[in-house]
A.B. asks: 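To start, I am sharing the structure in question, which I have written as structure tokens.
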Amino acid sequence: MSEPRNKLDIEVTVNGRRHAATVEARTSLGEFLREALGYTGTHLACEHGVCGACTVRLDGKAVRSCLMLAVQADGAEIVTVEGLAGADGTFHPVQQAMRDNFALQCGFCTPGVAITLATLYDGDTRPTVEQMELAMSGHICRCTGYQGIRRAIRQLAGEAPASADHAGEQA
Ligand code: FES
Ligand code: FES
């Protein structure tokens with residue numbers, strides 16, 4: 001009987017760049033992206049699929065990279081937060097809307113939030129406020145009180161952002 005293989009060879013494309021690597025079968029995709037490939041914009045927090053901080057785009061879908069094994073991503077096209085801006089540094093519309101509306105504070109949750117919103121935004125039809133807010137139910141932010149994120153969502157949906165005076169807002 002052959003021994004089980006603890007390491008496997010995989011290839012992934014991350015932000016348009018091809019990577020070949022040998023990974024342990026138990027390594028999560030998030031850990032692989034951060035530790036082996038250096039895409040540290042992908043944050044790991046709960047590692048239980050709850051907080052959304054580790055979200056990346058994989059073959060067009062927003063997925064939690066803490067819940068996937070790296071070997072399951074073999075052959076996949078992945079976009080991390082480092083791949084959202086244009087080659088010239090121009091922000092993705094989601095990044096711009098988040099900046100315009102103070103939709104981040106410490107920034108820990110931000111890569112996952114940005115990837116989820118950008119994946120909806122880059123789809124075939126412009127997402128509605130309701131669709132984007134529903135998608136945010138999969139993300140925990142401990143800082144912003146969420147109102148900045150909701151304003152960014154309204155801007156992305158083409159609705160006028162709220163007043164610039166945001167002092168004292170609560171979640
Ligand atoms: S680290 Fe993956 S959902 Fe929290
Ligand atoms: S900005 Fe700090 S956790 Fe969201």
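Every number for a ligand or one of its atoms is a count from 1 in the order of the listing.
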A.B. asks: Is Cys141 close enough to atom 4 (Fe) of ligand 2 to have an N, O or S atom under 2.8 Å?
C.D. replies: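 Of the N, O and S atoms in Cys141, at least one lies under 2.8 Å from atom 4 (Fe) of ligand 2, which means yes.
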A.B. asks: Using a 4.0 Å cutoff against the non-hydrogen atoms of Gly107, which atoms of ligand 2 qualify?
C.D. replies: 1 (S), 2 (Fe)
A.B. asks: Check whether any N, O or S atom of Cys46, backbone or side chain, sits closer than 2.8 Å to atom 2 (Fe) of ligand 1.
C.D. replies: no
A.B. asks: Mark up the atoms of ligand 1 that fall under 4.0 Å of a heavy atom belonging to Glu47, in ascending order.
C.D. replies: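 This gives 1 (S), 4 (Fe) as the contact atoms.
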A.B. asks: Which atoms of ligand 1 have any heavy atom of Val50 under 4.0 Å away?
C.D. replies: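 Ligand 1 atoms under the 4.0 Å threshold to Val50: 3 (S).
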A.B. asks: Can you list the atoms of ligand 1 that are under 4.0 Å from a heavy atom of Ala45?
C.D. replies: 1 (S)
A.B. asks: Confirm or rule out an N/O/S atom of Cys51, from backbone or side chain, lying less than 2.8 Å from atom 4 (Fe) of ligand 1.
C.D. replies: yes
A.B. asks: Is the gap between the ring centers of His19 and Phe32 under 6.0 Å?
C.D. replies: no
A.B. asks: Would you mind checking which non-hydrogen protein atom is closest to atom 3 (S) of ligand 2, with the distance to 0.1 Å?
C.D. replies: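 Its nearest protein heavy-atom neighbour is Arg142 N, 3.3 Å.
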A.B. asks: Which residue is it: Asn15, Thr42, Thr55? I am looking for the one with a side-chain hydrogen bond (donor to acceptor under 3.5 Å, both in side chains) to Thr80.
C.D. replies: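 By the side-chain hydrogen bond (donor to acceptor under 3.5 Å, both in side chains) criterion, Thr80 pairs with just one of Asn15, Thr42, Thr55: Asn15.
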A.B. asks: Considering the heavy atoms of Cys54, write down every atom of ligand 1 situated less than 4.0 Å from one of them.
C.D. replies: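 Every atom of ligand 1 under 4.0 Å from some heavy atom of Cys54: 1 (S), 2 (Fe), 3 (S).
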A.B. asks: Counting each atom of ligand 1 from 1 as listed, which ones have a heavy atom of Gly49 under 4.0 Å away?
C.D. replies: 3 (S)
A.B. asks: Heavy-atom count around Asp124 CG within 6.0 Å, excluding the residue itself: above 12?
C.D. replies: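 Not more than 12 within 6.0 Å, no.
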A.B. asks: So Arg34 and His43, do their side chains get closer than 4.5 Å, heavy atoms only?
C.D. replies: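 The answer is yes; the side chains approach within 4.5 Å.
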A.B. asks: Is Val113 reachable from Tyr146 through a run of hydrophobic residues whose side-chain heavy atoms are each under 4.5 Å from the next?
C.D. replies: yes
A.B. asks: Among Leu8, Val23, Ile10, which residue meets the side-chain contact (heavy atoms from CB on, under 4.5 Å) test with Asp74?
C.D. replies: Ile10
A.B. asks: Tell me if a side-chain donor or acceptor on His92 pairs with a main-chain N or O of Val94 at a distance below 3.5 Å.
C.D. replies: yes
A.B. asks: What's the shortest distance from atom 1 (S) of ligand 2 to any protein heavy atom, and which residue and atom give it?
C.D. replies: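 Protein heavy atom at minimum distance: Gln105 N, 3.2 Å.
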A.B. asks: Counting only heavy atoms from other residues, nucleotides and ligands, does the tally under 6.0 Å from CZ of Arg57 exceed 12?
C.D. replies: yes
A.B. asks: Would you say Cys109 has an N, O or S atom lying under 2.8 Å from atom 4 (Fe) of ligand 2?
C.D. replies: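 So Cys109 does bind atom 4 (Fe) of ligand 2 by this criterion.
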